[in-house]
Number of protein chains: 2
Amino acid sequence: MSSAVEPFAETETLSLGERAYRRLRDSIVQGTLSAGSRISERSLASALGISAQPVREALRRLEQDGLVVTLPRRGTIVAEFGLERLAELGRIRAALEGVAAALAAERMTGEDLASLGEVVRGMRAATAAADTEALAELNERFHAILQGATGNMFLVRSLEALRAYDDLGRLRAIGSAPKDMPKALREHVSILAALRARDPVLSEARMRAHVLRSLTTNGVLSAPRKRPA
Amino acid sequence: MSSAVEPFAETETLSLGERAYRRLRDSIVQGTLSAGSRISERSLASALGISAQPVREALRRLEQDGLVVTLPRRGTIVAEFGLERLAELGRIRAALEGVAAALAAERMTGEDLASLGEVVRGMRAATAAADTEALAELNERFHAILQGATGNMFLVRSLEALRAYDDLGRLRAIGSAPKDMPKALREHVSILAALRARDPVLSEARMRAHVLRSLTTNGVLSAPRKRPA
DNA sequence: AAGTGCCACCTGCTATAGCAGATGTCCATG
DNA sequence: CATGGACATCTGCTATAGCAGGTGGCACTT
């Protein structure tokens, strides 16, 4: 386990607990810390070159995210997730992103809409060039701008946690086929249109459908299940 | 502030951090710790008769719940919530409870359905007797059984956090009029019917509508807004 | 050889001490 | 009287030390 984690490199402005949290989070999401691995507060602390408290703090937060379970006086291990569980979390994320879209449709400023338009324009170019890497980043920006426009920290935090599971599922399933890139582009365009029209209901429906469709093509969600609205 | 919190009474089996977390959570929800109150790790620790670490741990978790914000090196204060924010959180909760209902419709065992039937039967009696207190408890059981049937810890945890905001909103608005009790009963009955039919889409729609309607009669949600499906 | 109790070790958990940074007060200065 | 700066004091944050409980293995017994 000490081989999976390295000490911190440079002095940053974030607290050690925060840094340890993100570090562990990334390690779990990227699979560096595989499911079932036992994590010791002390050994991990010495591996990171810090004390035990920040590590413990990070583990507590990860536990609240559900990425880790700790048996009192026994140990802490990274949680395991079957495909079924990942599918559940995907559906939850779809619902939350839908609500985020609805809120954004009501609250978004013209500046936000302009930023989104810029992102979508970039998506069109990246799709034409089949640049999957740029597309992934643009997709992240798209959702980040939208969620940020809601101004709701709870929503942002929850979706951030759910994204971790999403990445975790991406490891299990084979990478999404590049042939659905045009489809994703069309969906983003239609979502943006609904946002511009300031239609919460339509924005929510389209966003939710988009996330669900994305999950099915990723193999996380099996059936193209019937959905409301 | 030290007058709002008292030392722990007896030795329980839970960790001090966990106890402090729940204690503070309840105090915030019940309004004992009003919004904007400054919380000091040290003073709160001495008030509870424990050390500072468990308190800090609890504050970190509360921060992740969004109930508290902490400015580095400056202090920790309980977050403030306008009615608008509470309305947002209510809509989020409605969406999540909807997903929970959908999952429950797929996974619920016959035993779970029987328990729900029992609860609904109790609701019918309590509604006839206008016993609001029993009704509140039964309502809580109803949702608890349903959420537990999903077996999804993330969902349960998130909804638990959201319930805190819900209680917070209940303090602001005047108590729900007792005249909507029959309406709530009918909604619960219809939800149970959808669950028995194992219809995820219908269960979700009805549950979501139920939560939204409940929020509107509580005054948290203003308009009886149009909703999907 | 199989069962059993004991003990060293490891775990999460809590307490104490002390750090750097931010704040407010009080005094000297214009 | 107004203003700027130094210091006491508060804050969150981290490190060190030590606690109780749980595990595994080794020796001893039968």
Side-chain angles (χ1 to χ4, degrees), chain A residues 1-5 7-24 28 33 36-79, chain B residues 1-24 28 33 35-79:
Chain A
M1 180 217 58
S2 62
S3 62
V5 190
F8 289 127
E10 281 301 320
T11 62
E12 301 184 11
T13 178
L14 288 170
S15 76
L16 294 182
E18 183 68 26
R19 283 202 275 168
Y21 172 71
R22 302 187 183 184
R23 180 70 161 268
L24 285 175
I28 293 177
L33 251 51
S37 300
R38 291 177 53 85
I39 299 180
S40 166
E41 294 181 355
R42 282 176 172 75
S43 53
L44 182 58
S46 66
L48 291 175
I50 62 177
S51 177
Q53 264 74 9
V55 172
R56 173 179 169 77
E57 208 172 284
L59 289 178
R60 277 289 162 284
R61 293 176 61 186
L62 289 173
E63 186 178 22
Q64 203 159 9
D65 287 342
L67 286 174
V68 143
V69 303
T70 140
L71 305 85
R73 311 281 181 182
R74 293 202 42 186
T76 303
I77 61 177
V78 317
Chain B
M1 181 215 59
S2 62
S3 63
V5 190
E6 306 172 13
F8 290 126
E10 281 300 321
T11 63
E12 301 183 9
T13 178
L14 288 171
S15 75
L16 294 181
E18 182 69 25
R19 283 203 275 168
Y21 172 70
R22 302 188 184 183
R23 181 70 160 268
L24 284 175
I28 293 177
L33 251 50
S37 300
R38 292 176 52 85
I39 299 181
S40 165
E41 294 181 355
R42 283 175 171 77
S43 54
L44 180 58
S46 67
L48 290 174
I50 61 178
S51 177
Q53 265 74 8
V55 172
R56 174 177 168 77
E57 209 171 282
L59 289 178
R60 277 287 163 283
R61 293 175 61 185
L62 289 172
E63 186 178 23
Q64 203 158 11
D65 287 342
L67 286 173
V68 143
V69 302
T70 143
L71 305 84
R73 312 279 182 183
R74 295 203 37 187
T76 303
I77 62 176
V78 319

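Residue numbers start from 1 in every chain, and the chains themselves are labelled A, B, ... in the order their sequence lines are given, proteins ahead of strands.
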Please round to the nearest 0.5 Å and tell me the distance separating atom [atom1] of [X] and atom [atom2] of [Y].
{"X": "B:Thr70", "Y": "B:Leu62", "atom1": "OG1", "atom2": "CG", "answer": "11.5 Å"}
{"X": "A:Glu41", "Y": "A:Leu59", "atom1": "CD", "atom2": "CG", "answer": "6.0 Å"}
{"X": "B:Leu24", "Y": "B:Leu67", "atom1": "CG", "atom2": "CG", "answer": "10.0 Å"}

Starting at [atom1] of [X] and ending at [atom2] of [N], how long is that distance when rounded to a whole Å?
{"X": "B:Ile39", "N": "D:dG12", "atom1": "CD1", "atom2": "C1'", "answer": "13 Å"}
{"X": "B:Leu71", "N": "D:dG12", "atom1": "CG", "atom2": "P", "answer": "10 Å"}
{"X": "A:Arg38", "N": "C:dC10", "atom1": "CZ", "atom2": "P", "answer": "12 Å"}

**Side-chain heavy atoms of A:Tyr21 within contact of A:Leu16, under 4.5 Å** =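 They are not in side-chain contact.
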**Request:** Could you tell me whether A:Glu57 and A:Arg61 make a salt bridge, using a distance below 4.0 angstrom between a side-chain N and a carboxylate O?
**Result:**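 No, no charged N to carboxylate O under 4.0 Å.
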**side-chain hydrogen bond (donor to acceptor under 3.5 Å, both in side chains) partners for B:Glu63, two or more places apart** =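 With sequence neighbours excluded, B:Glu63 shows a side-chain hydrogen bond (donor to acceptor under 3.5 Å, both in side chains) to B:Arg60, given in chain and number order.
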**OP1 or OP2 of D:dT11 under 4.0 Å from side-chain N/O of B:Thr76** =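 No, because none of the side-chain N or O atoms of B:Thr76 sits under 4.0 Å from OP1 or OP2 of D:dT11.
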**Asked** Do any side-chain nitrogens or oxygens of B:Thr70 fall under 4.0 Å of OP1 or OP2 in D:dG12?
**Response**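 The answer is no; no side-chain N or O of B:Thr70 sits under 4.0 Å from OP1 or OP2.
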**nucleotides 14-23 of chain C: protein proximity per nucleotide (B base, S sugar-phosphate only, - neither; heavy atom, under 4.0 Å)** = BBB-B-BSSS
